[in-house]
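Here's the structure, in structure tokens; my notes come after.
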Amino acid sequence: MTLTVLMNAGPWLSVPPPGYGGIENVVATLVPELRRLGVRVVLASVESSTLPVDEKIAVFPDGQFSALQRPYNQVCGVSQAHLAGVVRALHRRDDIDLVHDHVEAVGLATMAAMGPDAPPALHTLHWDLAKHPELYGTLDGGDRVRVNGVSASQLARAPRALREHSVGHVHLSTPLAVDADRRPTTPKGDHLVILGRINPGKGQDLGARLAHEVGFPLVLAGPVGPYHRPEDLAAAGDEARQNPDVRFFHEHVAPFVDGDRVRWVGTVAGRERDDLVASARASLFPLRWEEPGGTAVVESLSLGTPVVATARGCLPELIEHGRTGLLTADEQELGDLVLAAGLLEPDECRREAATRFTPARMAERYVELYDRVRHGATVPLQPV
Ligand code: UDP
């Protein structure tokens with residue numbers, strides 16, 4: 001019998017997303033693989049989504065992301081309206097075997113509130129679980145609503161009520177991992193790269209300081225708040241500093257950005273991003289937060305670039321110290337590890353990615369989870 005899943009991607013961005021869009025990218029990567037495995041997918045998204053699916057449900061014509069700039073009391077209706085559309089559809093039809101929900105907070109709360117006649121639901125936790133303590137600390141989804149994380153370390157930090165609903169974790173994947181071990185190798189340059197939003201948790205200030213102290217070229221790629229290009233940030237007035245990431249960049253990162261030893265190139269995409277990472281000696285993740293999933297980590301491995309990082313969050317699950325990267329609990333040691341990173345084997349990284357981080361592997365794990373959720377399993381999936 002065909003399994004029909006309502007995949008709730010939310011109202012914020014179309015799927016696949018036009019630019020940055022972590023959750024929408026995961027959905028865009030997962031759905032084709034699920035369909036290859038014979039799952040029927042009904043996508044709850046916005047009308048402009050172009051991802052091929054069996055059916056689409058939408059309340060809004062386009063992604064509502066820009067509304068998030070407005071105050072809470074003017075935007076909270078957006079996700080509620082989307083969820084109301086999903087609930088109406090679930091009441092109207094009887095072909096949905098399971099809801100796979102990705103909508104932060106309100107998706108989980110709505111699924112839990114729907115009552116025993118609703119289909120079972122799996123809610124994927126894509127973010128830092130220190131958020132929403134009120135919701136996560138009091139969650140009661142009965143046997144019908146389950147959650148999964150994107151790493152074991154993320155779930156281990158979750159409030160107890162949330163953990164009691166967990167069926168385990170599924171690591172993130174990337175299309176770059178497909179046949180990563182068969183692609184021609186990219187010649188390595190001398191630079192290191194930090195790919196990610198410029199943000200205190202991602203630690204670009206620490207990486208930039210080390211670049212000067214240890215003496216290695218460093219490229220910082222990623223947006224500063226809403227600014228994707230250095231010229232856009234330069235043109236923004238002083239009020240841009242109200243954004244905490246803009247303030248962090250100006251106060252703690254920019255003093256090290258000299259255009260030579262340390263460069264900030266803004267957001268890179270597509271081929272440019274892949275070449276930048278593939279040609280780097282290593283990717284640096286000088287993390288100061290518990291990275292929940294680490295897409296950029298599995299992308300780096302797929303591109304044959306070892307990872308040098310503080311051993312926080314999911315990093316020890318994704319990286320094998322001494323084989324696919326170098327990890328340390330002590331951020332002062334990162335400089336020594338950068339120097340040693342050239343000894344690691346790019347092919348090892350690519351093999352690891354091709355085995356562990358492909359979209360097909362991720363989809364197989366989700367199909368196992370769907371089965372567990374539908375049959376009320378309480379034992380989490382074996383960790384990998
Ligand atoms: N990214 C990108 N260009 C950039 C910086 C980041 O395409 O200049 C992408 C990166 O390749 C990854 C995503 O943004 O796919 C960041 O995801 P990750 O899970 O690493 O971090 P998050 O921002 O979700 O905490």
Side-chain angles (χ1 to χ4, degrees), residues 10 12-13 15-30 65 102 104 124-131 149-151 153-154 169-178 180 191-204 207 218-230 232-233 244-245 248-249 253 257 263-280 283-305 307-310 312-315 317-319 325 353 357-359 362:
W12 303 116
L13 292 167
V15 184
Y20 181 83
I23 290 164
E24 294 76 9
N25 258 321
V26 173
V27 171
T29 307
L30 174 62
F65 191 78
H102 301 265
E104 185 162 349
T124 298
L125 301 155
H126 291 272
W127 35 82
D128 168 12
L129 302 184
K131 288 203 227 172
V150 289
S151 69
S153 89
Q154 175 207 29
H169 69 274
V170 180
H171 286 142
L172 295 171
S173 72
T174 167
L176 292 169
V178 179
H191 65 278
L192 274 85
V193 64
I194 303 181
L195 187 77
R197 295 173 284 121
I198 311 278
N199 172 276
K202 304 272 183 190
Q204 283 91 350
L218 176 66
V219 180
L220 306 175
V224 172
Y227 303 102
H228 290 277
R229 301 184 310 165
D232 296 339
L233 180 63
D245 289 344
F248 167 70
F249 178 78
V253 183
V257 177
R263 293 188 297 135
W264 172 52
V265 296
T267 301
V268 290
R271 190 65 199 270
E272 191 193 354
R273 180 195 66 177
D274 297 352
D275 287 346
L276 175 67
V277 175
S279 62
S283 287
L284 190 56
F285 292 88
L287 302 171
R288 290 218 192 74
W289 78 324
E290 309 303 333
E291 183 77 41
T295 309
V297 175
V298 299
E299 289 168 348
S300 180
L301 295 183
S302 306
L303 292 163
T305 299
V307 166
V308 174
T310 36
R312 299 192 67 155
C314 63
L315 269 291
E317 293 169 51
L318 304 182
I319 299 298
F357 302 122
T358 60
M362 177 172 75

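Along the sequence shown, the residues carry numbers beginning at 1. Read the numbers this way: they start at 1 and go in the same order the structure lists the ligands and their atoms.
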Problem set entry | Heavy atom of the protein closest to atom 13 (C) of ligand 1 (residue, atom name, distance) | Tyr20 CE1, 4.2 Å
Seminar exercise, completed: Sorted by chain and residue number, the ring pair (Phe, Tyr, Trp, His ring centres under 6.0 Å) partners of Phe285 (sequence neighbours excluded) come out as none
Exercise. Glu290 side chain to Gln154 main-chain N or O, any donor-acceptor pair under 3.5 Å?
Worked result: no
For this session: State which residues pass side-chain hydrogen bond (donor to acceptor under 3.5 Å, both in side chains) with Arg197; sequence neighbours excluded, sorted by chain then number.
Result: none
Seminar exercise, completed: One finds that the ligand 1 atoms under 4.0 Å from a non-hydrogen atom of Leu195 are 4 (C), 5 (C), 6 (C), 8 (O), 10 (C), 11 (O)
For this session: Run the salt-bridge test on Lys131 and Asp128 with the 4.0 Å N-O cut-off and return the result as yes or no.
Result: no
Seminar exercise, completed: Atoms of ligand 1 under 4.0 Å from any heavy atom of Glu299, numbered from 1 in the order shown, are 10 (C), 11 (O), 12 (C), 15 (O)
Seminar exercise, completed: Gly196 heavy atoms within 4.0 Å reach ligand 1 at atoms 5 (C)
Exercise. Does ligand 1 have an atom under 4.0 Å from some heavy atom of Lys202?
Worked result: yes
For this session: Return yes or no for this condition: an N or O of Val268 is under 3.5 Å from an N or O of ligand 1.
Result: yes
Problem set entry | Candidate list Thr267, Leu303, Leu176, test side-chain contact (heavy atoms from CB on, under 4.5 Å), partner Arg273, passing option | Leu176
Exercise. Any chance CZ of Phe248 has more than 12 other-residue heavy atoms, nucleotides or ligands included, within less than 6.0 Å?
Worked result: yes
Problem set entry | Within 6.0 angstrom of Arg288 CZ, more than 12 heavy atoms from elsewhere | yes
Seminar exercise, completed: Counting from 1 in the order shown, the ligand 1 atoms closer than 4.0 Å to a non-hydrogen atom of Gly222 are 4 (C), 5 (C), 8 (O)
Problem set entry | atom 20 (O) of ligand 1: nearest protein contact (heavy atom, Å) | Ala296 N, 3.0 Å
Exercise. What is the nearest protein non-hydrogen atom to atom 17 (O) of ligand 1, stated with its residue, atom name and distance?
Worked result: Thr295 CB, 3.7 Å
Exercise. Which residue holds the protein heavy atom closest to atom 9 (C) of ligand 1, what is that atom called, and what is the gap in Å?
Worked result: Arg273 NH1, 4.3 Å
